Amino acid sequence: MPSNDARNLLLIAAPTAAAGVVAVAVSGAVAGGKGAVGAAVGVLLAMLFMGLGLYALQWTAKKLPQLFQAMGLMLYVAQLLLLMIFVAIFKNTSLFNPKAFALSLVVATVVWMAAQARAHMKSKIFYVDPEPEKSERPEKSGSSS
């Protein structure tokens with residue numbers, strides 16, 4: 001992963017992880033141990049899906065740049081649908097608190113998307129490739145006046 005991509009991943013994952021810590025603490029205080037486990041699973045699942053999506057998007061940008069915008073739109077729709085499917089699957093689970101799971105999943109997803117938008121807005125990406133500057137030396141002519 002190039003350094004710019006790694007820097008963007010850090011700028012995106014750090015706020016999401018911080019929101020996840022807060023979600024786990026609040027869920028643990030409100031719903032007990034099962035709430036904390038549900039929140040942790042939700043945050044980890046959101047970060048996994050969004051991280052894999054970011055990787056797929058970066059790969060598409062490098063290999064198939066003409067498909068980048070369509071891939072981004074399709075990817076976000078697919079991620080949100082998959083996350084909704086996970087919420088529906090674990091709706092009646094007894095492994096953890098499903099409300100804490102769903103809420104932390106949504107919060108982590110929203111924080112990830114906001115951080116990704118902010119990182120993209122702050123990154124300095126050339127929209128054209130700059131030409132190397134040519135040195136402007138006066139050319140020597142054969143005759144002098």
Side-chain angles (χ1 to χ4, degrees), residues 1-140:
M1 180 179 278
S3 65
N4 191 32
D5 295 342
R7 186 179 17 241
N8 278 344
L9 183 61
L10 180 64
L11 290 173
I12 296 166
T16 308
V21 168
V22 171
V24 169
V26 169
S27 296
V30 172
K34 285 193 175 192
V37 171
V41 170
V43 169
L44 290 175
L45 189 64
M47 288 183 73
L48 176 70
F49 275 16
M50 294 299 173
L52 289 174
L54 182 63
Y55 176 75
L57 206 55
Q58 288 172 346
W59 181 86
T60 302
K62 286 176 182 59
K63 302 292 183 188
L64 304 165
Q66 70 275 12
L67 296 178
F68 181 71
Q69 186 175 13
M71 179 68 168
L73 292 171
M74 189 274 313
L75 184 68
Y76 285 130
V77 169
Q79 286 174 330
L80 292 175
L81 286 174
L82 283 171
L83 291 175
M84 286 177 20
I85 289 169
F86 269 89
V87 169
I89 289 172
F90 291 113
K91 177 172 58 174
N92 297 321
T93 187
S94 61
L95 298 172
F96 48 76
N97 186 319
K99 288 183 182 179
F101 167 74
L103 189 61
S104 66
L105 187 74
V106 169
V107 166
T109 301
V110 169
V111 169
W112 182 281
M113 289 181 162
Q116 188 173 6
R118 184 180 187 279
H120 179 71
M121 296 297 282
K122 293 287 185 179
S123 66
K124 293 178 173 60
I125 300 171
F126 290 121
Y127 59 91
V128 293
D129 290 330
E131 297 270 337
E133 291 185 29
K134 296 179 183 177
S135 62
E136 295 187 26
R137 285 190 232 156
E139 293 187 23
K140 294 183 181 179

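For this chain, numbers begin at 1 and follow the sequence in order. Note that these values count all heavy atoms, side chains included, but never hydrogens, waters or copies made by symmetry. Please read all numbers here as calculations on a predicted model, not as lab measurements.
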Kindly compute the distance separating CH2 (W112) from OG1 (T16), expressed to the nearest 0.5 Å. 5.5 Å
Heavy-atom side-chain contact between L54 and N8 under 4.5 Å: no
For residues 23-49, pull every pair meeting ring-ring contact (aromatic ring centres under 6.0 Å, His included), keeping only residues two or more places apart or in separate chains. F49-F86
Do V37 and F101 have side-chain heavy atoms sitting under 4.5 Å apart? no
What is the ring orientation for F96 with F90, classed by angle as parallel under 30°, tilted 30 to 60°, or perpendicular over 60°? tilted
Ignoring hydrogens, what is the shortest heavy-atom contact between V87 and A102? Give both atom names and the distance. CG1-CB, 4.0 Å
Does the side chain of M50 reach to within under 4.5 Å of the side chain of M113, using non-hydrogen atoms? yes
Nearest heavy-atom approach of A23 to S104 is CB-CB, 4.0 Å
To check you understand the geometry: which heavy-atom pair defines the closest contact between G20 and V43, and what is its length? CA-CG2, 3.5 Å
Rounded to the nearest 0.5 Å, what's the gap from CZ on F68 to NZ on K63? Could you check? 15.5 Å
Flag side-chain contact, heavy atom, 4.5 Å: L73 against V77: no
Specify the closest pair of heavy atoms between A46 and A108, including all atoms of both residues, with the distance to one decimal. CB-CB, 3.7 Å
Side-chain heavy atoms of L75 within contact of L57, under 4.5 Å: yes
Trace of the side chain to side chain contact (heavy atoms under 4.5 Å, CB included) decision for W59 with L64: CA-CA 8 Å; W59 181 86; L64 304 165; 4.2 Å; yes
What distance separates L83 CG from T109 OG1, expressed to the nearest 0.5 Å? 4.5 Å
Quick one: does any side-chain atom of S27 pair with a main-chain N or O of A36 as donor and acceptor, under 3.5 Å? no
Spacing of CG belonging to L52 relative to CG belonging to L82, to within rounding of 0.5 Å: 11.0 Å
By the side chain to side chain donor-acceptor pair (under 3.5 Å) test, which pairs, at least two apart or in different chains, include something from residues 82-95? none
